[in-house]
Amino acid sequence: MFILMLFIALPLATVVIAAWDGVKEGFSSLWVLAPVICFLLPMFVFFNETALIYGASYSVLGMAANAIGALFHPHHTK
């Protein structure tokens with residue numbers, strides 16, 4: 001169950017939320033830190049410190065998804 005959460009649920013949530021944020025708000029560099037910070041609590045509760053590398057990989061996924069979502073951000077110019 002925890003492996004399913006580590007490899008499917010958390011990365012999927014990261015990608016969906018980052019892409020949605022990219023579409024709504026444009027590109028944000030906060031996606032470098034947000035996934036790692038949000039992953040800290042589940043890492044210590046369900047896993048151990050060796051799973052911290054997955055938090056870094058979630059940051060890469062988050063940045064990529066946010067950048068792709070930002071391509072679809074409507075640019076309102078007046």
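- In the hydrophobic clustering of ILVMFWY residues, with side-chain heavy atoms under 4.5 Å counting as a link, L12 and F39 come out apart.
- For the atom pair CG (L33) and CG (L30), the distance works out to 7.5 Å, reported to the nearest 0.5 Å.
- The two residues F27 and A70 make their nearest non-hydrogen contact at N-CB, 3.4 Å.
- Considering every non-hydrogen atom in both V36 and A56, the closest pair reads CG2-N, 4.1 Å.
- There is a path of hydrophobic side-chain contacts, each under 4.5 Å, that joins F44 to L52.
- Under the 4.5 Å side-chain criterion, counting only non-hydrogen atoms from C-beta, W31 is in contact with I17.
- Separating the NE2 atom in H73 from the OG atom in S28 is a distance of 11.5 Å, to the nearest 0.5 Å.
- Counting heavy-atom neighbours within 6.0 Å of F72 CZ, excluding the residue itself, gives a total of 12 or less.
- Of all heavy-atom pairs between C38 and P42, the closest is O-CD, 3.4 Å.
- Cluster membership for F47 and Y58, using ILVMFWY side-chain heavy atoms within less than 4.5 angstrom, is shared.
- The two residues I53 and T50 make their nearest non-hydrogen contact at CG2-O, 3.8 Å.
- The line from CG of L10 to CG of L61 is 11.5 Å long, rounded to the nearest 0.5 Å.
- Of all non-hydrogen atoms in P35 and T14, the two that sit nearest each other are CG-CG2, 4.1 Å.
- Other residues, nucleotides and ligands contribute more than 12 heavy atoms inside 6.0 Å of the CG atom of L71.
- The line from CD of E49 to CE of M43 is 7.0 Å long, rounded to the nearest 0.5 Å.
- With ring centers used as reference points, F7 lies under 6.0 Å from Y54.
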